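What follows is a short report on a single structure.
As the structure is a computational prediction, the values presented were derived from the model and not from experiment. Both ligands and their constituent atoms are indexed starting at 1 by order of listing.
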Amino acid sequence: MRFYLSSGLRLTSCTAVLIAANVVTSQPLGDHEGVFSLEIPKAAFGASIEHDSSFASFSFEPAFWVEFFGNSTSPNKLAFNLLNLIVAHGGQPMIRPGGITMDSMIFDASAGDPARTTNPKGGVYRTTVGPAYYQSWSNFPEGIRFISTLNFGNDSLDIARDLAVASVKYASNDSITAFELGNEPTNYPSSRWKNSTEAYVQQWKNWTAQIDAAVNMALGAVAATEFGSERWWASSATTDQTGLEVLPNALIPAGIDSRNQVADYSIHSYPFSTCDPTRAVLATTQNILNQTALAQYADEDIYPSAKAALDAGNRWIIGEFNSISCSGNPNVSDTFAQALWVIQSELIYAVRNASAVYLHQGAALVFQSSQQVNSAGQNGSPGYSTYDMFYPQDSEKRGPARVLPSFASQLFMAEAFAIPDTRVRQLETPSGIDKDYFAAYAFYVHDKLNKLAIVNSKPYYANSTSDFTVTLHISRYGHLKKGTRAWLKRLSAPYVNEGNANKTTWAGQSFFDGHETGDLLVETIGRDGLVRVRGSEAVLIFFDKRDANMGAC
Ligand SMILES: *[C@@H]1O[C@H](CO)[C@@H](O)[C@H](O)[C@H]1NC(C)=O
Ligand SMILES: *[C@@H]1O[C@H](CO)[C@@H](O)[C@H](O)[C@H]1NC(C)=O
Ligand SMILES: *[C@@H]1O[C@H](CO)[C@@H](O)[C@H](O)[C@H]1NC(C)=O
Ligand SMILES: *[C@@H]1O[C@H](CO)[C@@H](O)[C@H](O)[C@H]1NC(C)=O
Ligand SMILES: *[C@@H]1O[C@H](CO)[C@@H](O)[C@H](O)[C@H]1NC(C)=O
Ligand SMILES: *[C@@H]1O[C@H](CO)[C@@H](O)[C@H](O)[C@H]1NC(C)=O
Ligand SMILES: *[C@@H]1O[C@H](CO)[C@@H](O)[C@H](O)[C@H]1NC(C)=O
Ligand SMILES: *[C@@H]1O[C@H](CO)[C@@H](O)[C@H](O)[C@H]1NC(C)=O
Ligand SMILES: *[C@@H]1O[C@H](CO)[C@@H](O)[C@H](O)[C@H]1NC(C)=O
Ligand SMILES: *[C@@H]1O[C@H](CO)[C@@H](O)[C@H](O)[C@H]1NC(C)=O
């Protein structure tokens, strides 16, 4: 049964409306054809580490900082409305202003907002930031914290140290959680360290020690002690095979953390790419939604390093990721498919004990590849990445500033990890369901089942001969036996290739200007315990009705 909550009532009476919801019993219980049972362990034993509300975080390419966020006096309304929505739904993302352009970023005390130096085609040679850049961090919702990213690319200790010192001087107190020295060192000219892990580690340790000393001086003894010594992200490498091995499983044995400086080991994850024509043909909807392929990439390319970090007693994170490197694939990553991909991928890393994942947002980088599918706009104007969750400005290349369908997945994730210390496990896909396009997860709080997530990522198009609905039976779980009900929010769009965020809904609402539009729709699961999930839909099931109301009050 569905019930509707009008947006007008939302602020006053959401709890009352939830209590008033009806239970409708549809089909009789039974093992009839086409109904699958989910086996759901009651206790958290064997589930992931405890996650919190900053699990689903973001990385933004710093060269385009002003386009995305504006400045202190003119903040970008759309961006902040969207961030505020995520926070209202229980998320507390962290922000890493990082990516390729951090490696040519410099601080100049006389400069203002971040400014790019580019060639006529939009290639970014340099991004110059002044005090206003760090001051603009205080525009962000309360509780959002930042990674201070430092330029390693220019091979200048002065440049890196000046950025670090400026960030602690001008950003508001406690807004910096960590420093990161360099982005994807695997892509630097190989003459720098001559493919020697030891040479890289030596320079990294030498510089971080000197930067620590300068930062501690700027902070003063008390604040420096509070910050602690474990304040660095290490690695920041991609999974591409290059001559330089600096993923955590190479760095840790080479002694990167011999001085206990590493907070998080960061790995970058891009399972698909449009950087060259060979890989671009594989960057399809059918492939990016293939759960088997995504899990395989995580297990083979990422997990060995993740395990090395965990075994060393450290946290690990996906410090930058998205579906398709080199700014996505138009008509794939700018559609509803990307929303499903975000949920699939973030949960894959959550169960592999990543402490956070930083979804990357930016624009095409001309110097990244000469063979890429994407490009900047006319006269080098930004060609926003088609994997972004919103286009922050009107642009010649991408049209009006707007939210994209994938944004709604952030509200799904915000609600999934809204409760502190949530643990998650993947559930066995019942036999008979297509494993390539299905994933189910159970969430636990204080060792009790709290939520379920079910993703049916099978691509469903207007011309599909079936809607690929999977019907699951969850009533064998104790909660329901005792007559306790469950509530469900659905992430949906007409078809997997929907490109209009107005037609993409989370619990019945869309978010075109960063506000909820439409009535909140929370479904009640009846005593029969049946849950239907169409192809290209994802649902979050709540066993506590107060959690289901998240974001509505
Ligand atoms: C902020 O941006 C606005 C609009 O682009 C501009 O007019 C203003 O000068 C900027 N403010 C500062 C302090 O740079
Ligand atoms: C930093 O390196 C980039 C790329 O090599 C170069 O274009 C830029 O001029 C350098 N910046 C400085 C300040 O040296
Ligand atoms: C940070 O805290 C110090 C010491 O309490 C204070 O002097 C300084 O003004 C604060 N800085 C900012 C940017 O709020
Ligand atoms: C860093 O390297 C320089 C040059 O090799 C050396 O003089 C200095 O002592 C080193 N500093 C640290 C903290 O390792
Ligand atoms: C580093 O390794 C790569 C890939 O194996 C190779 O192409 C390159 O020539 C090597 N560079 C140096 C300086 O040895
Ligand atoms: C999904 O990916 C797996 C692993 O790469 C592959 O074996 C399988 O054929 C793919 N399924 C579809 C439907 O493309
Ligand atoms: C994307 O799809 C639209 C509408 O189907 C089509 O007009 C456009 O050419 C496609 N763009 C690309 C880059 O394939
Ligand atoms: C994740 O952490 C939990 C709790 O420590 C552990 O039981 C589980 O084996 C870990 N899983 C992976 C994939 O590392
Ligand atoms: C169904 O529609 C999709 C998206 O428009 C298209 O890529 C595909 O080729 C169509 N399939 C058939 C069998 O016509
Ligand atoms: C979405 O809906 C709003 C409000 O009706 C409208 O202004 C906007 O143009 C629509 N956007 C698209 C892409 O259809």
Could you pull out, from Val351, Asn353, Asp311, Ile49, the option with a heavy atom nearest to atom 10 (C) of ligand 8?
->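 Answer by nearest heavy atom: Asn353.
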
Just going by heavy-atom distances, which of Asp212, Thr208, Ile211, Asn206 is nearest to atom 2 (O) of ligand 4?
->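 Minimum heavy-atom distance to atom 2 (O) of ligand 4 goes to Asn206.
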
What pair of heavy atoms forms the shortest contact from Ser57 to Met94, and how long is it?
->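 Heavy-atom minimum between the residues: OG-N, 2.8 Å.
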
Using the side chain to side chain donor-acceptor pair (under 3.5 Å) rule, pick out the option among Asn322, Thr285, Thr386 that qualifies with Gln338.
->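 Among Asn322, Thr285, Thr386, the one that satisfies the side chain to side chain donor-acceptor pair (under 3.5 Å) with Gln338 is Asn322.
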
Of Glu415, Gln410, Glu516, which meets side chain to side chain donor-acceptor pair (under 3.5 Å) against Trp506?
->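 The single option meeting the side chain to side chain donor-acceptor pair (under 3.5 Å) with Trp506 is Glu415.
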
Looking only at protein heavy atoms, which one is nearest to [atom], and what is the separation?
{"atom": "atom 14 (O) of ligand 8", "answer": "Tyr303 OH, 2.6 Å"}
{"atom": "atom 9 (O) of ligand 10", "answer": "Asn502 ND2, 4.8 Å"}
{"atom": "atom 13 (C) of ligand 4", "answer": "Ala209 CB, 3.9 Å"}

Are side-chain N/O atoms of Gln261 and Thr208 paired as donor and acceptor at under 3.5 Å?
->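 Short answer, yes.
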
Going by atom types only, do Ser266 and Tyr358 share a side-chain donor-acceptor pair under 3.5 Å?
->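 No, no side-chain donor-acceptor pair sits under 3.5 Å.
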
Under the 4.0 Å line, does any protein heavy atom show up next to atom 7 (O) of ligand 4?
->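 Protein heavy atoms within 4.0 Å of atom 7 (O) of ligand 4 - there are none.
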
Check whether any side-chain N or O of Asn374 sits under 3.5 Å from a backbone N or O of Gly328 as a donor-acceptor pair, and report yes or no.
->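 At least one qualifying donor-acceptor pair exists.
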
Just jot down the ligand 10 atoms closer than 4.0 angstrom to any heavy atom of Asn500, in number order.
->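 In order of number, 12 (C), 13 (C), 14 (O).
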
Considering only heavy atoms, does Gln210 approach ligand 4 within less than 4.0 Å through its side chain, its backbone, both, or neither?
->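 Near ligand 4, Gln210 shows its side chain, while the N, CA, C and O stay back.
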
Test: Arg352 and Asp299 ion pair at under 4.0 Å |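 Result for this pair is yes, salt bridge flagged.
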
Any heavy atom of Ala47 sitting closer than 4.0 Å to ligand 8?
->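 So Ala47 counts as touching ligand 8.
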
